[in-house]
Amino acid sequence: MEFSAQQIAQFVGGTVEGNGEACVNTFAKIEEGVEGALSFYYDPKFEPYVYQTRSTVLLVPKSFQPAQPVQATLVRVDDPRMAIGQLLNLYESMKPKRTGIDPLAYVAPTAKVGKDVYLAPFAAVGDNAVIGDGTALHPHATVGANAKVGKDCILYANATVYHDCLVGDRCILHAGAVVGADGFGFAPNADGYEKIPQIGIAILEDDVEMGANACVDRATMGATIIHRGVKIDNLVQVGHNVEVGSHTVLCAQVGIAGSTKVGEWCTITGQVGIAGHLTVADHTTVGAHAGVAGKVRKPGQTLMGYPAIDSKVWSRSVAVFKTLPDMAKQLRELQKEVEKLKSGKIE
């Protein structure tokens with residue numbers, strides 16, 4: 001597939017500066033540009049590459065003013081990152097989709113499989129399961145009994161949707177992702193721990209994406225719910241009966257304990273832990289490694305640290321931490337002076 005700079009500009013709503021007939025047939029990072037490639041520039045620290053890149057076409061912000069001559073044809077847009085995302089989606093959509101059921105795939109006699117579905121070797125669809133039109137199951141992907149997977153979904157190798165669970169349209173489950181494994185429910189007794197049956201389900205609404213080896217547990221009773229448009233990174237754990245609001249992002253190694261409700265449009269960054277039975281307000285951002293131990297009632301906050309507090313307060317606190325040993329030494333010396341004053345032994 002080949003596109004001209006003018007065609008690209010029309011698609012992303014940009015303007016061409018240079019040769020509008022310049023054509024590209026691949027994508028490349030600006031620092032690794034090659035002839036025939038499309039790259040993008042948005043961060044000032046990469047500006048030297050604007051003048052060095054061998055890419056044929058370059059997406060740049062409308063406000064960008066080159067300090068040196070640029071060899072590439074420029075397409076000026078409002079947001080180069082959004083524009084490159086649109087173009088990558090276009091490129092991906094034009095790839096031919098595989099369809100058909102491989103002889104080595106297993107489909108239960110009572111299962112319902114829609115049109116233009118692809119079932120790779122060793123994919124498995126259980127009793128009474130439903131697979132929507134245009135969905136693809138890659139090798140060893142499994143959809144359990146009575147589960148439903150919507151239209152145009154992709155389940156990569158070893159992704160698993162447990163029995164009775166529901167997955168909406170246009171969802172992507174990367175390799176090893178699991179929807180509906182048992183929630184972590186055990187009752188201690190004299191002999192150890194008695195397992196509490198997890199009889200609920202897990203629900204993924206439309207346009208949810210789960211990274212590799214991410215897990216959304218089924219509910220003890222009722223449902224664990226991941227609302228529309230949520231994006232879940234690799235190695236994320238979502239506990240039983242959790243509810244995650246629409247368009248929230250859960251980054252790598254986030255863990256959310258049972259029965260917590262996370263609001264809409266939240267950004268929970270890497271290795272954050274959120275305790276159970278809490279609520280987190282809409283538009284909350286939690287910085288990396290933070291621990292949320294109490295309810296977050298006010299929307300729009302940025303939190304950091306453990307326990308997670310306002311990021312500005314946390315930053316000021318961190319600045320003090322490195323002086324604590326000297327402060328402790330000074331405090332001990334002051335205590336000695338006070339004891340001398342009390343005893344009247346002043347030198």
Side-chain angles (χ1 to χ4, degrees), residues 105-108 110-114 117-120 122-185 195-246 248 250 254-262:
Y106 172 75
V107 180
T110 54
K112 296 180 180 179
V113 176
V117 164
Y118 173 60
L119 301 182
F122 307 110
V125 181
D127 293 332
N128 299 307
V130 176
I131 307 297
D133 297 347
T135 286
L137 273 62
H138 290 265
H140 298 282
T142 301
V143 177
N146 304 305
K148 294 182 179 179
V149 176
K151 299 177 181 179
D152 299 313
C153 294
I154 304 174
L155 276 63
Y156 285 103
N158 296 301
T160 301
V161 178
Y162 272 60
H163 57 92
D164 301 306
C165 294
L166 308 177
V167 175
D169 297 338
R170 300 175 300 281
C171 291
I172 300 174
L173 276 59
H174 286 278
V178 178
V179 177
D182 279 359
F184 195 68
K195 182 175 177 63
I196 299 172
Q198 306 291 292
I199 62 172
I201 62 172
I203 299 172
L204 269 58
E205 293 186 345
D206 297 345
D207 301 301
V208 171
E209 182 162 351
M210 289 180 61
N213 295 315
C215 299
V216 174
D217 288 350
R218 70 193 311 112
T220 306
M221 291 178 282
T224 303
I225 305 175
I226 309 298
H227 285 289
R228 181 185 182 92
V230 169
K231 309 303 179 188
I232 299 176
D233 200 357
N234 302 335
L235 299 169
V236 168
Q237 163 65 25
V238 178
H240 57 87
N241 292 94
V242 166
E243 184 174 352
V244 179
S246 59
T248 281
L250 307 178
V254 161
I256 305 177
S259 299
T260 282
K261 293 186 177 182
V262 179

If I take atom CG from residue Leu235 and atom CG from residue Leu250, how far apart are they, to the nearest 0.5 angstrom?
13.0 Å
For Lys231, I'd like to know if atom NZ has over 12 heavy atoms of other residues, nucleotides or ligands within 6.0 Å.
yes
Shortest non-hydrogen contact between Gly150 and Asp169, atoms and distance:
CA-OD1, 3.3 Å
Please round to the nearest 0.5 Å and tell me the distance separating atom NZ of Lys112 and atom CG of Asn128.
8.5 Å
Kindly compute the distance separating CD1 (Ile201) from CG (Asn146), expressed to the nearest 0.5 Å.
11.0 Å
Output for pair (Leu166 CG, Cys171 SG), nearest 0.5 Å, gives 11.0 Å
For Ala177 versus Gly211, what's the shortest heavy-atom pair and its separation?
CB-O, 3.7 Å
Within-4.5 Å side-chain heavy-atom neighbours: Ile232 and Val216
yes
Which atoms form the tightest heavy-atom contact between Val179 and Cys165, and what is the distance?
O-SG, 4.1 Å
salt_bridge(Arg170, Asp207) N-O dist < 4.0 Å
yes
Side chains of His138 and Ile154: does their closest heavy-atom pair fall under 4.5 Å?
yes
Partner of Val149 under side-chain contact (heavy atoms from CB on, under 4.5 Å), chosen from Thr135, Val117, Val130:
Thr135
Within the supplied structure, the quantity of interest is the number of heavy atoms (other residues, nucleotides, ligands) at a distance under 6.0 Å from Tyr106 OH; does it exceed 12?
yes
Looking at Ala212, is its backbone amide N or carbonyl O close enough to the side chain of Asn234 to form a donor-acceptor pair, meaning the two atoms are under 3.5 Å apart?
yes
How many angstroms lie between atom CG of Asp233 and atom NE2 of His174, to the nearest 0.5 angstrom?
9.5 Å
Could you report the tightest heavy-atom contact between Ala120 and Ala105, atom names first, then the distance?
O-CB, 3.4 Å
Exercise: identify the closest heavy-atom pair between Ala175 and Tyr156:
N-CB, 3.7 Å
Within this structure, what is the CG-OG1 distance for the pair Leu137 and Thr142, rounded to the nearest 0.5 Å?
8.0 Å
List the atom of Arg228, the atom of Glu205, and the distance in Å for their closest heavy-atom pair.
N-OE1, 3.0 Å
Of the options Gln198, His240, Gln237, which is the one that meets Asp217 in a side chain to side chain donor-acceptor pair (under 3.5 Å)?
Gln237
Validation row: Asp182, Arg218 side chains within 4.5 angstrom (heavy atoms)
yes
Is the shortest side-chain heavy-atom distance between Leu204 and Leu173 below 4.5 Å?
yes
Can you tell if the side chain of Asn241 reaches within under 4.5 Å of the side chain of Thr220, non-hydrogen atoms only?
yes
Angle class for the Phe122/His140 ring planes (parallel below 30°, perpendicular above 60°, tilted otherwise)?
parallel
